[in-house]
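For the numbers below, each heavy atom of this structure counts, side chains included, while hydrogens, waters and symmetry mates do not.
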Amino acid sequence: MYVPAHFAADDATVRDLLDRHGAADLVTVTRSGPVATLLPFVHDPDDGPHGALLGHVARNNEQWRLPAEGESLVIVRGPDAYVSPGWYASKAEHGRVVPTWNYVTAHVYGRVTWHDDPAFVEDVVRRLTAKHEGVLGGPAPWSVDDAPRPFVEGQLRAVVGVRVEITRVEAKVKLSQNRPVADVDGVVAGLAARGDEASADAVRAANAHR
């Protein structure tokens with residue numbers, strides 16, 4: 001990944017992204033070529049020397065049956081948004097501005113192992129459920145135990161677990177850090193006016209030290 005110094009992510013930002021992201025793309029290289037699946041992961045920083053990402057795929061998904069060659073890749077994304085040059089104060093000053101795209105992403109490389117084991121899968125399902133139900137913040141978050149046990153066991157047999165043991169991470173936080181402060185203020189205002197508070201908050205946080 002191309003990461004200019006002013007867009008480099010520190011360790012805390014990477015950890016937050018891995019802990020809080022939604023779904024990500026798992027890409028494995030096989031003899032049949034690259035294969036990809038979008039799926040949610042839970043990050044376990046204590047599983048292996050550099051942590052691991054844990055998830056599951058449908059049993060009918062052929063990706064788990066195709067041996068991965070070398071490192072695999074998980075593409076994790078944070079907020080992203082189109083940035084209009086019309087939001088920049090610089091536009092009125094000199095007009096030398098162009099559109100761009102703001103985004104937060106991490107390329108997580110690692111070794112993939114598949115786990116056709118109901119106990120492994122159930123643990124992952126429970127951890128994923130706790131993670132995402134916790135974000136909802138409702139008074140009665142859904143639990144795996146809310147469903148009948150025979151139904152749960154049937155669902156577990158329909159999926160296969162995946163573990164990506166992390167070997168390295170390349171991350172980029174491109175959130176207008178290369179723009180003058182007045183332009184950053186314009187980006188925040190433009191994103192907020194469009195209703196994209198997540199991207200606006202990300203730009204604020206990335207430029208808070210300026």
Side-chain angles (χ1 to χ4, degrees), residues 1-27 36-45 50-55 73-110 127-138 141 164 166-210:
M1 183 194 300
Y2 170 57
V3 186
H6 47 275
F7 294 146
D10 58 25
D11 291 343
T13 299
V14 172
R15 172 67 183 268
D16 184 66
L17 178 60
L18 296 186
D19 286 345
R20 293 160 56 88
H21 80 280
D25 293 297
L26 170 64
V27 184
T37 299
L38 178 70
L39 66 155
F41 284 98
V42 61
H43 176 226
D44 187 339
H50 304 290
L53 295 176
L54 309 171
L73 169 65
V74 179
I75 303 175
V76 179
R77 297 176 182 84
D80 73 282
Y82 172 77
V83 175
S84 170
W87 297 340
Y88 293 153
S90 300
K91 176 180 179 293
E93 295 174 10
H94 50 66
R96 297 189 299 274
V97 292
V98 294
T100 191
W101 203 275
N102 275 358
Y103 57 89
V104 178
T105 189
H107 288 184
V108 182
Y109 296 87
R127 294 167 74 171
L128 282 167
T129 301
K131 171 185 174 180
H132 294 291
E133 287 289 326
V135 172
L136 296 180
V164 181
I166 298 171
T167 53
R168 58 193 175 99
V169 178
E170 298 176 347
K172 186 173 182 178
V173 177
K174 181 180 179 295
L175 295 170
S176 302
Q177 301 98 313
N178 60 328
R179 302 301 308 177
V181 172
D183 285 358
V184 172
D185 292 341
V187 171
V188 170
L191 291 168
R194 197 171 65 190
D196 190 349
E197 291 295 342
S199 293
D201 289 345
V203 173
R204 288 190 193 97
N207 293 277
H209 63 285
R210 300 174 63 181

inquiry  = Suppose we screen for side-chain contact (heavy atoms from CB on, under 4.5 Å). Which residues come up paired with Arg20, at least two apart in sequence or across chains?
reply    =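 In terms of side-chain contact (heavy atoms from CB on, under 4.5 Å), with neighbours along the sequence ignored, Arg20 is linked to Asp16.
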Partner set under side-chain contact (heavy atoms from CB on, under 4.5 Å) for Pro99, not counting sequence neighbours =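 If we apply the side-chain contact (heavy atoms from CB on, under 4.5 Å) test to Pro99, skipping adjacent residues, the hits are Tyr82, Pro85.
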Rounded to the nearest 0.5 Å, what separation is found between the [atom1] atom of [X] and the [atom2] atom of [Y]?
X      : Y      : atom1 : atom2 : answer
Asn102 : Asp196 : CG    : CG    : 10.0 Å
Leu53  : Leu26  : CG    : CG    : 9.5 Å
Met1   : Tyr109 : CE    : OH    : 6.5 Å
His107 : Asp25  : NE2   : CG    : 9.5 Å
Ile75  : Leu38  : CD1   : CG    : 10.5 Å

Run the side-chain donor-acceptor check on residues 203-210: report pairs under 3.5 Å with partners two or more places apart or on a different chain.
unit_1 : atom_1 : unit_2 : atom_2 : d
Arg204 : NH1    : Asp201 : OD1    : 2.5
Asn207 : OD1    : Arg210 : NH1    : 2.9
Asn207 : ND2    : Leu175 : O      : 2.9
Asn207 : ND2    : Val203 : O      : 2.9
Arg210 : NH1    : Gln177 : O      : 3.2
Arg210 : NH1    : Arg179 : O      : 2.9
Arg210 : NH2    : Arg179 : O      : 2.4

query = Is the closest side-chain donor-acceptor distance between Tyr2 and Lys172 under 3.5 Å?
reply =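 No, Lys172 and Tyr2 have no side-chain donor paired with an acceptor closer than 3.5 Å.
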Contact check, side chains of Phe41 and Leu18, non-hydrogen atoms, under 4.5 Å =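 No, their side chains stay 4.5 Å or more apart.
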inquiry  = Going by side chain to side chain donor-acceptor pair (under 3.5 Å), name the residues that satisfy it together with His43, two or more places apart in sequence or in a different chain.
reply    =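 With sequence neighbours excluded, His43 shows a side chain to side chain donor-acceptor pair (under 3.5 Å) to Asp19, given in chain and number order.
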Qualifying side chain to side chain donor-acceptor pair (under 3.5 Å) pairs, either residue in residues 84-95, two or more places apart =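 Residue pairs with at least one partner in residues 84-95: Ser90-Asp183.
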inquiry  = According to side chain to side chain donor-acceptor pair (under 3.5 Å), does anything in residues 3-13 pair up with another residue at least two apart or in another chain? List the pairs.
reply    =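 Of all non-adjacent pairs touching residues 3-13, those that pass side chain to side chain donor-acceptor pair (under 3.5 Å) are Asp10-Thr13.
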Heavy-atom pair of closest approach, residues Val184 and Ser176 =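 Shortest heavy-atom contact: CG2-O, 3.4 Å.
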request  = Kindly give the heavy-atom pair with the smallest separation between Ala36 and Val27, and that separation in Å.
outcome  =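 Reported closest heavy-atom pair: CB-CG2, 4.1 Å.
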task = Examine distances only and state if a side-chain atom of Ser199 and a backbone atom of Pro79 form a donor-acceptor pair shorter than 3.5 Å.
result =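 Not a single qualifying donor-acceptor pair exists.
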